[in-house]
Amino acid sequence: MIVRRSAAVLAVTAVIGGATAPAALADDASPSASPSRAFPSALYGSTDPTYDGVWRQSLALLAQHTVGVRPAAKAVDWLTGQQCASGAFAPYRADASAKCDAKTMVDTNSTAAAVQALAALGGHDAEVGQAVRWLKDVQNKDGGWGYTAGGASDTNSTSVVIGALTAAGTEPKEQTKSEKSPYDALLALSVPCDKTGGGAFAFQPDKKGALAANADATAAGVVGSLGKGFVIEAAGKASKGSGETKASGQSKASEQSKGSECASGDSFTPADAAHNGASYLAAALAKTPYLKSALPGAKPQPDYGNTADAVVALAAAGSTSATAGPLAWLEKNSGVWAAKAGPAAYAQLIFAARAAGAQPRDFGGVDLVEKLGATGPAAQAPSRDSAASEPDAKKVDHKSAFNVWWLVGVCLVAGIGIGFLLSRRNKRQQL
């Protein structure tokens with residue numbers, strides 16, 4: 001879920017395998033704030049929100065909602081206050097009272113994530129409607145979306161917007177531009193079966209138009225091709241706004257009957273693309289119970305965020321048996337990562353646990369709901385994740401792994417000229 005990139009600036013990796021957020025780096029922007037700078041107490045997390053504030057807030061609110069926790073009113077108000085008059089959301093606006101202008105770096109990922117959260121919470125039809133109208137207005141002619149308006153379409157951005165459309169009650173296949181729907185954009189980014197990495201999704205075509213398998217994009221592409229969003233209910237449970245494979249009209253049973261064979265041909269459908277992507281992920285996770293990621297020139301390391309997203313994707317595609325290994329690995333190994341990466345990481349783990357039928361409140365002995373709640377303001381209703389009140393403001397932690405790796409990512413990515421932006425949204429190492 002989902003790291004994003006900017007068409008105008010660099011995309012970077014926040015924490016190796018981290019719950020990275022969409023980030024748009026201005027040429028003169030610093031990756032961390034002044035040591036004396038304080039952030040709103042309504043905001044989840046203590047690290048600099050410049051590049052991921054709306055993203056992590058949206059995931060945190062949505063994750064709490066899915067487990068029956070009623071988020072603090074001021075946390076929801078902070079999110080709605082970040083919206084511009086156009087309907088779009090920027091990653092973070094320190095002065096929400098100031099009008100957005102041409103210099104305000106709004107993006108599709110922040111906007112789509114906010115839509116999914118606010119639609120689930122309810123009572124925000126006006127904000128959701130404005131945001132969806134903006135997303136529709138900036139749809140590309142190939143049917144997809146890039147991180148920024150007008151940017152080249154990529155699998156991650158297109159998929160998170162599909163989730164937003166579904167959450168808002170809009171059928172994605174009916175949202176077209178130049179007669180192309182979001183599903184057409186995703187099909188064009190599915191790696192052909194006879195190519196290296198066949199069945200996976202590419203983030204984007206390279207300069208020569210070739211498609212390279214990308215595990216992060218594949219997890220997003222599977223979910224998007226099925227018309228779904230961040231929240232996937234375990235098999236047998238119905239989810240409001242879950243977008244049950246409307247793109248294909250095929251049941252999970254028919255999907256599972258295909259086995260691991262890579263589907264292709266003139267009648268290639270979004271359901272076929274989702275099946276292929278899920279098979280690719282299942283095969284990768286059969287080798288090791290986790291996916292890998294690496295900064296350029298660095299040794300591959302376990303990618304916790306992408307592994308959690310892969311569990312969600314496999315569950316969405318009906319490949320529930322393939323979720324057992326990676327979920328058990330996450331239960332055993334994700335604690336340190338999540339503590340460093342913060343609220344978006346805990347949200348990703350909650351989404352993975354729920355999708356695979358596990359218990360977020362007992363995830364390898366850890367209460368993920370409590371851990372998430374501790375990163376933000378106390379919930380409205382009594383719950384184990386809201387025992388303590390929060391201070392009036394939070395200081396940025398410059399020693400956190402998030403900011404360290406963000407800075408490293410900027411330097412390395414800039415050095416090789418890559419223009420991707422990652423939040424469990426970066427361009428990850430191919431498997």
Side-chain angles (χ1 to χ4, degrees), residues 1-3 144 153-163 172 182-205 211-230 232 243-248 250-252 254-265 267-287 290-293 303 305-323 325-326 351-352 355-356 424-425 427-431:
M1 140 204 35
I2 325 196
V3 184
S153 297
D154 66 77
T155 296
N156 297 67
S157 297
T158 300
S159 296
V160 73
V161 174
I162 286 175
Y183 298 125
D184 291 313
L186 290 182
L187 289 178
L189 291 165
S190 176
V191 181
C193 295
D194 59 351
K195 301 296 183 181
T196 301
F201 283 85
F203 180 75
Q204 284 180 326
L211 300 177
N214 182 289
D216 181 64
T218 301
V222 168
V223 175
S225 294
L226 294 173
K228 301 185 179 185
F230 296 144
I232 304 297
E244 289 292 336
T245 59
K246 294 179 181 178
S248 65
Q250 296 187 5
S251 68
K252 289 182 178 179
S254 64
E255 282 297 290
Q256 291 173 318
S257 68
K258 295 179 181 178
S260 59
E261 180 182 354
C262 189
S264 60
S267 59
F268 190 62
T269 67
D272 291 329
H275 163 79
N276 289 352
S279 296
Y280 175 88
L281 292 172
L285 290 166
K287 297 176 182 178
Y290 56 87
L291 298 173
K292 298 178 182 179
S293 180
D303 189 327
N306 195 183
T307 301
D309 289 347
V311 169
V312 173
L314 290 167
S319 301
T320 52
S321 61
T323 66
F351 296 150
R424 215 165 124 354
R425 288 137 266 75
K427 183 176 181 182
R428 291 188 168 89
Q429 177 79 8
Q430 299 174 19
L431 292 176

Note, L189 side chain near P205 side chain (heavy atom, < 4.5 Å): yes

I162 side chain near Y183 side chain, heavy-atom distance below 4.5 Å: yes

Got a second to check how far [X]'s [atom1] is from [Y]'s [atom2], nearest 0.5 Å?
{"X": "S190", "Y": "H275", "atom1": "OG", "atom2": "NE2", "answer": "11.0 Å"}
{"X": "D194", "Y": "S264", "atom1": "CG", "atom2": "OG", "answer": "8.0 Å"}
{"X": "L211", "Y": "F203", "atom1": "CG", "atom2": "CZ", "answer": "13.0 Å"}
{"X": "E261", "Y": "C193", "atom1": "CD", "atom2": "SG", "answer": "8.5 Å"}

Check against side chain to side chain contact (heavy atoms under 4.5 Å, CB included), S159 and V223: CA-CA 7 Å; S159 296; V223 175; 6.0 Å; no

Main-chain N/O of [Y] paired with [X] side-chain donor or acceptor, under 3.5 Å:
{"X": "T323", "Y": "T320", "answer": "yes"}
{"X": "D216", "Y": "N306", "answer": "no"}
{"X": "D303", "Y": "L291", "answer": "no"}

Full working for side chain to side chain donor-acceptor pair (under 3.5 Å) between T269 and D272: CA-CA 5 Å; T269 67; D272 291 329; 3.1 Å; yes

Name of the residue among N276, V191, L186 meeting side-chain contact (heavy atoms from CB on, under 4.5 Å) with F201: L186

Criterion side chain to side chain contact (heavy atoms under 4.5 Å, CB included) on T155 and N214, from CA distance to verdict: CA-CA 10 Å; T155 296; N214 182 289; over 6 Å; no

